[in-house]
Every structure is written in structure tokens, then in C-alpha cells.
J.: 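Mind looking over this structure? Questions follow.
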Amino acid sequence: MSEKLNVAILGGTGMVGQRFISLLEGHPWFDVKVIAASSRSAQKTYEEAVGGRWKMSNDIPEGVKDIVVQDLHDIENVASQVDFCFSAVDMGKEEIKAFEDSYAKTETPVVSNNSAHRWTPDVPMVVPEINPEHYGVIEYQRQRLGTKRGFVAVKPNCSIQSYTPALHAVRDFGIKQVVATTYQAISGAGKTFRDWPEMEGNVIPYIGGEEEKSEKEPLRLWGHIENKVIVPAKAPLITTQCIRVPVLNGHTAAVFVNFDKKPSREEIIDRWVNFKGKPQEENLPSAPKQFIRYMEEDDRPQVRLDVDYERGMGVTMGRLREDTLFDYKFVGLSHNTVRGAAGGAILSAEMLKALGYIEKK
């Protein structure tokens, strides 16, 4: 690509915004031109606005330290400076919907990490390896918004990344029932142990709204476009529990699954390790070379050892074995703020660029 696209990070001072900033350093296609946040951060340099709240393990990239933060509500001004936006804002759901639509109506595409638009029928919610064909609904969303170029696209909930790719790779065996318990890192709540010391040595058996998302969002990924909207799949039946655990980064899932046609263990592993999606075919910059890895060791995957697999963009499976009540059970692991949040959104933007939905203004 000869000329980089200029990007705005909306909500750039929060944890996911910081992850966007970190991952986009040196990106071959995208250049962070604008960082926008609330009015209390506006008119400060990014380094000043973040202050002692930088939560990434690496330092603030030099290229953004002196960028003057803009007010994210100054929509026309922010949009005029960039080709598209990443959204990681912290607002109420209805406010986010209106806010992201307002940016889209300036003919500025919005790739969002937020959950607000995940069930808007003409907004694609995509894991690029699983359902890139859902981007086709954008043409109908543009009709609704009255735009030629602008639209909103979203990525799904972070926790489903730890098991949905593994299920997707074996869907042709007919998945009937899934039970999944996710053990979720505190960064999923935008926290570190410094922010949330009471999580040290603690487990909280409730994460508001998470179980509903985990049970329904895979069905939307497996849906289809009909009458200008995404129609979710009706099966399989999925039930989940979501638990907060004292881990900084990395969501782990314990999964049980029944099939219509039970495959062999070897068939499942073969499907996992050889699975490739469109990002791998297109060799997108953020795409993992191998999306799904299987580990034979009894004590893997582990967060400490495996969460950064493929720069945090791959997912790791382990402990696949037959079960006494279900056909199989296994354990999955994904990086919740990379693959599950900012990294997944960046890969989505790369896919949208490759498909011609995002272009230079």
C-alpha cells in the first residue's frame, strides 16, 4: 500500500484505546492521525491526558505522545481529518449508537469495539476468519444512513473468541449443544491490579450481561443476510457461565460439546490446526499465520505461557477428550484485549480495506 490511511481513535485514553495506540505503532496500512476523548482530556497532549494511567506493558509510542487530544464530540472536525475511525468510547449504549451513527453520517467509516451496535440488524458483527461475508450488509446500512461511504462495523464480545473459532472449524459435523464456562481477565473490565486490588486472590462469579452475550453472539456470527439484515442462526443451543478471575490478560474457556455426527479426536484437531480464513488467504498485516493452535500437554494452554500466541491474535486449544455426558470437552484461551478487542477491530479494518469498504477520502 503506497499511502497510509489516516485514523482516529475515539476514546483513546481508556484501556482499549491504549491498546489500539500500542498495536497501531508502525502499522503498515494505518496511521494514527487523531486521538479523541472526553472534554476533560481535550487540549492536552496524549502523554499528559493519559498521565499515570497508561496500562500497557510497553511505553507510550513516541509518535503519539505529543498529539493534542481532541474532543470526541467535535464530530465534524475530527471526521474531517481522517479516513476512518476506531471507536472505544465509554458511554451508555443508546448514546454510543447515536454517536457512532453521527460519525458514519460524515462519510467516515467506524470500526467499533463497543457492544452497542452488535444487534443492530444491518450492522455487521464480524470475526474476519469466520463471517466476512456479513460485510455485505453494509450496502443496506448505507441506504438507511443515507451515506455513500460511511458505515458502522463491530466486533463481537471478547470472551467468545476463546471457544467460537474452535467450534466454527468443526461446524460441518453438526454442533447440537454447547456448555461453556469462561474465566475472564480483569483487563476485560478495563482494570489492572493497581486499579482493582480486591481482585487479587479473588474470584467473582458474575459479570453483568456477559452470559447473554456469550450465548447469543456466536449465533449471529453463524447467521446470514436476508431481506437487508443479518438473521442469526437458530442452533446450536449454547449455555454459559462467566467468571472474573485474578488474571490480567487472557480469557480461558472450559467447553463441552455434542455433535449430530460425532467426529474423531483426530478429525477435530486436524480441522483446528489447518483452519484458515480470508485474513490468512489475504495475508493481512495483523492476521495470525495459524489462527487455531492445539497443544497436547495436559497442563496447557496456560495464560502465562500462551496468551501472546501469534502476538495475541491466535487462539490456543488444549485438553480435548471424550466426556461422560457430552461427546467432547476442551479448553480454549484467547487474549481478550488483543484478539478480543483492539486487535480484532484492527484486523476487521484491514479486511474492510482489502474488500474495498474503507478507502482514502
Side-chain angles (χ1 to χ4, degrees), residues 1 3-14 16-21 24 27 29-50 61 63-118 120 122-125 135 137-155 342 345-346 348-350 352-353 355-361:
M1 183 175 295
E3 187 176 11
K4 289 187 179 184
L5 299 179
N6 291 324
V7 178
I9 311 298
L10 310 177
T13 57
V16 174
Q18 292 177 24
R19 182 66 76 181
F20 273 118
I21 294 291
L24 287 168
H27 192 282
W29 291 9
F30 307 145
D31 187 31
V32 177
K33 180 76 170 179
V34 175
I35 302 172
S38 66
S39 57
R40 67 177 177 271
S41 296
Q43 305 308 313
K44 299 177 182 176
T45 66
Y46 185 66
E47 186 174 29
E48 292 169 342
V50 173
V64 302
K65 283 184 177 180
D66 294 327
I67 290 179
V68 176
V69 176
Q70 300 185 34
D71 189 332
L72 53 80
H73 292 286
D74 191 3
I75 295 172
E76 292 288 343
N77 181 50
V78 170
S80 69
Q81 301 173 64
V82 297
D83 298 305
F84 76 98
C85 301
F86 287 114
S87 178
V89 296
D90 184 11
M91 304 174 181
K93 185 168 290 190
E94 292 305 315
E95 188 179 4
I96 290 173
K97 284 183 181 180
F99 176 79
E100 292 179 345
D101 283 354
S102 294
Y103 268 92
K105 288 176 181 178
T106 69
E107 301 294 358
T108 307
V110 177
V111 181
S112 178
N113 183 71
N114 298 300
S115 65
H117 265 306
R118 287 182 192 157
T120 302
D122 60 9
V123 171
M125 181 181 77
Y135 290 131
V137 81
I138 287 172
E139 65 174 295
Y140 306 120
Q141 183 194 150
R142 284 171 169 165
Q143 292 172 14
R144 172 175 63 85
L145 294 174
T147 61
K148 294 182 178 180
R149 188 179 182 281
F151 62 87
V152 179
V154 300
K155 48 153 293 299
I346 292 169
S348 292
E350 293 169 359
L352 286 160
K353 167 61 183 169
L355 294 173
Y357 288 100
I358 295 178
E359 299 177 309
K360 198 79 178 168
K361 277 186 177 176

J.: If only side-chain N and O atoms count, and only distance matters, is there a donor-acceptor pair under 3.5 Å linking Lys361 with Thr108?
T.: yes
J.: Measure the spacing between NZ of Lys97 and OG of Ser115 and express it to the nearest 0.5 Å.
T.: 9.5 Å
J.: List for me each residue that meets side chain to side chain contact (heavy atoms under 4.5 Å, CB included) alongside Ala345, sequence neighbours excluded, and say none if there are none.
T.: Phe20, Phe86, Val111, Lys155
J.: Would you compute the distance between atom CG of Leu352 and atom CD1 of Ile358 and round it to the nearest 0.5 angstrom?
T.: 4.5 Å
J.: Which word best sums up how the rings of Tyr103 and Phe99 line up, parallel for under 30°, tilted for 30 to 60°, or perpendicular for over 60°?
T.: perpendicular
J.: How close do Val110 and Ala104 get, heavy atom to heavy atom, and via which atoms?
T.: CG2-N, 4.1 Å
J.: Run the side-chain donor-acceptor check on residues 33-44: report pairs under 3.5 Å with partners two or more places apart or on a different chain.
T.:
residue, atom, partner, partner atom, Å
Lys44, NZ, Arg40, O, 3.3

J.: Closest heavy-atom contact between Lys4 and Lys360?
T.: O-NZ, 2.8 Å
J.: Give me the one residue out of His117, Arg144, Gln141 that meets side chain to side chain donor-acceptor pair (under 3.5 Å) with Asp122.
T.: Arg144
J.: Leu24 versus Ile9: any side-chain heavy-atom pair under 4.5 Å?
T.: yes
J.: Surrounding CG of Asp31 (heavy atoms of other residues, nucleotides or ligands, distance under 6.0 Å), is the total greater than 12?
T.: yes
J.: Looking at CD of Glu107 and CZ of Phe151, how far apart are the two atoms once the value is rounded to the nearest 0.5 Å?
T.: 11.0 Å
J.: Kindly indicate whether the side chain of His27, heavy atoms from C-beta on, has any atom under 4.5 Å from the side chain of Leu5.
T.: no
J.: Closest heavy-atom contact between Val78 and Asp71?
T.: CG2-O, 3.8 Å
J.: CD/Gln70 to CD1/Ile75 distance, rounded to the nearest 0.5 angstrom?
T.: 13.0 Å
J.: Closest approach of Leu145 and Gly150, non-hydrogen atoms and distance?
T.: CD1-O, 4.4 Å
J.: Which atoms form the tightest heavy-atom contact between Ala153 and Val123, and what is the distance?
T.: CA-CG1, 4.3 Å
J.: Would you name the heavy atoms of Ala88 and Val16 that are closest together and state the gap between them?
T.: CB-CG1, 3.9 Å
J.: Is there a side-chain contact between Thr45 and Lys65, using heavy atoms and a 4.5 Å cut-off?
T.: no
J.: Whether the side chain of Asp83 engages the backbone of Asn6 through a donor-acceptor N/O pair (distance < 3.5 Å, no angle test) should be reported.
T.: yes
J.: Could you give the distance from CD (Glu100) to NZ (Lys105), rounded to the nearest 0.5 Å?
T.: 13.0 Å
J.: To the closest 0.5 Å, what do you measure between OG1 (Thr120) and CG (Asp101)?
T.: 7.5 Å
J.: Classify the ring geometry between Tyr135 and Tyr357 as parallel (under 30°), tilted (30 to 60°) or perpendicular (over 60°).
T.: tilted
